[in-house]
Student: 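Sharing a structure here in structure tokens format.
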Amino acid sequence: MSDTSTPAVSPAAPVWLTAAATAASAALVFLGTGLHPVWWLTWFAPLPVLAIALRVRARSAFLSAAIAWGAGGVNLWSYLHGVIGVPAVVAVGALLLPAIAFGGVVLVFRRLIGRDRPGAAMLVVPASWVAYEYVYATLSPHGTFGLVAYSQMNWLPVAEIASVTGAWGISFCVFLFPSMLAALIAVRDRRRALVPAAIAIIVLVGVVSWGSWRAAPSHDLAERGRPVAIALIASDAREHQFPETDAASLTLFRLYAAEVTRLAGRLTADEAGGADAIIVLPEKIGAVSDAATAVVDDVMQQASTASGVTIVAGLDRGDSTMRRNEARLYAPTGDLPVRYDKHHLIPGLEAVDRAGTSRVVIDRPSGRWGVQICKDMDFPSLSREYARDEVDLLVVPAWDFDVDGWLHSRMAVLRGIEGGFAIARAARHGRLTITDASGRIVAEASSASPSFSTLVATAHVSRETTLYTRFGDWFAWLSLGSLTAIAVRGAGISRRRAT
């Protein structure tokens, strides 16, 4: 009896067509992902290499897909190696890993299509990618950085599914669409693909329709939310960049305190008239010793008391042997400061810092406020713990790298959608952003300014209990389970054919 374990394929595609499919997918990945993605291009990026997979040999299908994703991922090379200083060998590895994973995904798709299993082929592509991203994000010191989900943050209707599934549901939708189209193109008997294709369309239309409702202005939080007057302040001026002596740092903190005093009147008089008010300053304004920290506390506490506004300020405290990246909160009542230590430190750049292990939650008239610092927002688990603490507003001092300002701000926005809370994020060399619990931008500004950039707005904060908060990464595990079921069924089919 002949061996039927190998898919019946017809590797008849000319070399130029394979090359064209590879180039097309590479271009779509390059433009549809990275620091400034064109969101709608991402939905088509896998399609050319998936569609050609059954018309080339397995090795060619794998190479075409891997080369396409690797070449497209070069859009992050200058950022990884040039901006944040990742060693070249590590940066190459960061580009090769998803390329190899995508090549493997296309091989599995090809095998299932070759066996006339279009429904399984449509499912295996998005489920495999979600499984890969989940394992990667769980093991990586950089958390969820690089997830395809972030490419969709300019299309809020699909991003809203994160409140149910986490980021994994967004990636699933982005890959389900091209796998459905590719299956319809490549399958031998299209009638077998019509039902699973119809199911995929219903899922995608349902996600976008529900997300459009949740993101619409009619889904308004103002009536049930409590107003918080928020001001964000940051400076990209060269003379204000992380002084490392006590004297220079104290001078800069006094300048920020003066800016706080200047804006406080607008918060109380113009913005919310008696509502809660908070001013958020960036991460690591300056490096200070333990002794100088007491002076910083005095300067900021005086500003808070005089203005009647809560202040959150970032500093780097300690000596050359051990430091802490802190956010310190000062309330007009003087019952603070409360200190929060950054949990997730940047490898290499913050090697001397000691990571924090506890969360900070304070109760205010407008609700519960929590604190994180910059890279902490790259890790969904910490934000989910704050959501379980029932925070209404998360305040985030941050420090970005200019070119990643949009992406890093949107990574934080997605945490708010997942957890159902508002976010006030003040990043120097990035963006000042205020968002509500549905991920809508309340106000936004660039931190680029000759002196101080400021953003003042009123946010109506109202906590929304999300399914993702309750059940966590259930969708990623469901994807892993789906892959297991497909593999088990495929093994059964192979045994029956062999006999």
Side-chain angles (χ1 to χ4, degrees), residues 217 220-235 256-282 285 300-314 327-338 340 360-372 386 390-398 409 412-413 416 420-428 431-447 449 452-464:
D220 201 349
L221 299 171
E223 293 183 0
R224 55 191 174 87
R226 296 167 296 278
V228 179
I230 301 172
L232 310 179
I233 306 174
S235 176
Y256 269 100
E259 197 68 16
V260 165
T261 303
R262 186 182 72 81
L263 284 183
R266 285 183 58 190
L267 285 182
T268 56
D270 298 339
E271 284 299 317
D276 252 353
I278 185 169
I279 295 179
V280 187
L281 310 182
I285 291 173
M300 288 298 164
Q301 186 59 64
Q302 288 185 35
S304 176
T305 302
S307 63
V309 174
T310 300
I311 301 171
V312 181
R328 298 175 78 87
L329 287 78
Y330 307 88
T333 54
D335 55 348
L336 304 177
V338 171
Y340 170 84
V360 166
V361 176
I362 60 173
D363 290 307
R364 303 293 297 170
S366 60
R368 309 195 85 186
W369 298 355
V371 186
Q372 291 191 47
Y386 271 110
E390 299 185 337
V391 300
D392 301 273
L393 172 67
L394 202 64
V395 294
V396 186
S409 70
V413 172
F421 47 72
I423 295 175
R425 184 176 186 270
R428 60 177 169 177
R431 298 201 179 191
L432 312 173
T433 52
I434 301 171
T435 56
D436 68 14
S438 294
R440 293 174 297 190
I441 304 295
V442 176
E444 182 174 24
S446 170
S447 66
S449 172
F452 287 95
S453 296
T454 60
L455 181 66
V456 179
T458 296
H460 288 82
V461 300
S462 178
R463 181 176 62 255
E464 294 193 351

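Model, not experiment: these values are computed from the prediction.
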Student: With rounding to the nearest 0.5 angstrom, report the CG to CD distance, Leu232 to Glu444.
Tutor: 10.5 Å

Student: For the side-chain contact (heavy atoms from CB on, under 4.5 Å) test, which of Thr433, Val395, Val280 pairs with Arg425?
Tutor: Thr433

Student: Would a distance-only check, ignoring hydrogens and angles, find a side-chain to backbone donor-acceptor pair under 3.5 Å from Thr435 to Ala422?
Tutor: no

Student: I want to check something: taking the side chain as every heavy atom from C-beta on, are Gln372 and Tyr340 in contact at a cut-off of under 4.5 Å?
Tutor: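 Heavy-atom side-chain distance check passes, below 4.5 Å.
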
Student: Kindly compute the distance separating OG1 (Thr261) from CD1 (Ile311), expressed to the nearest 0.5 Å.
Tutor: 7.0 Å

Student: What closest approach, in Å, do Ala313 and Ile285 show between heavy atoms, and which atom pair accounts for it?
Tutor: CB-CD1, 4.4 Å

Student: For a quick test of reading the model, state the closest non-hydrogen atom pair linking Ala234 to Leu432 and the distance between them.
Tutor: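 Minimum heavy-atom separation between Ala234 and Leu432: CB-CD2, 3.8 Å.
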
Student: Looking only at non-hydrogen atoms, find the nearest pair between Pro365 and Arg226 and report the distance.
Tutor: O-CD, 4.0 Å

Student: For Pro332 and Val309, work out which heavy atoms get closest and say how close.
Tutor: CG-N, 3.4 Å

Student: Output yes when a side-chain donor or acceptor of Ser447 lies under 3.5 Å from a complementary backbone atom of Arg428, and no otherwise.
Tutor: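 Absent.
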
Student: About how many Å separate CG of Leu263 and CD1 of Ile233, when rounded to the nearest 0.5 Å?
Tutor: 4.5 Å

Student: So among Asp363, Leu329, Val391, Val228, which one has a side-chain contact (heavy atoms from CB on, under 4.5 Å) with Trp369?
Tutor: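 Among Asp363, Leu329, Val391, Val228, the one that satisfies the side-chain contact (heavy atoms from CB on, under 4.5 Å) with Trp369 is Val228.
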
Student: Tyr256 vs Phe452 aromatic rings, parallel, tilted or perpendicular, using cut-offs 30° and 60°?
Tutor: perpendicular

Student: Determine whether a donor-acceptor pair (N or O, by modelled atom type, separation under 3.5 Å) exists between the side chain of Thr305 and the backbone of Gln301.
Tutor: yes

Student: Do Arg364 and Leu393 come within less than 4.5 Å of each other through their side chains, counting heavy atoms only?
Tutor: no

Student: Do you know which two heavy atoms are closest between Pro397 and Ala327, and how far apart they sit?
Tutor: CG-CB, 4.0 Å

Student: Using a 3.5 Å distance criterion without hydrogens, assess whether the side chain of Tyr386 forms a donor-acceptor pair with backbone atoms of Val360.
Tutor: yes

Student: Look at Arg463 together with Asp392 and state whether they make a salt bridge at an N to O cut-off of under 4.0 Å.
Tutor: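 Salt bridge present between Arg463 and Asp392.
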
Student: How close do Ser307 and Ala264 get, heavy atom to heavy atom, and via which atoms?
Tutor: CB-CB, 3.2 Å

Student: Measuring from Ile230:CD1 to Asp276:CG, what's the distance to the nearest 0.5 Å?
Tutor: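 Answer rounded to 0.5 Å: 10.0 Å.
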
Student: Between CD1 of Ile279 and CE of Met300, what distance do you get to the nearest 0.5 Å?
Tutor: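 Rounded to the nearest 0.5 Å, the CD1-CE separation comes out at 10.0 Å.
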
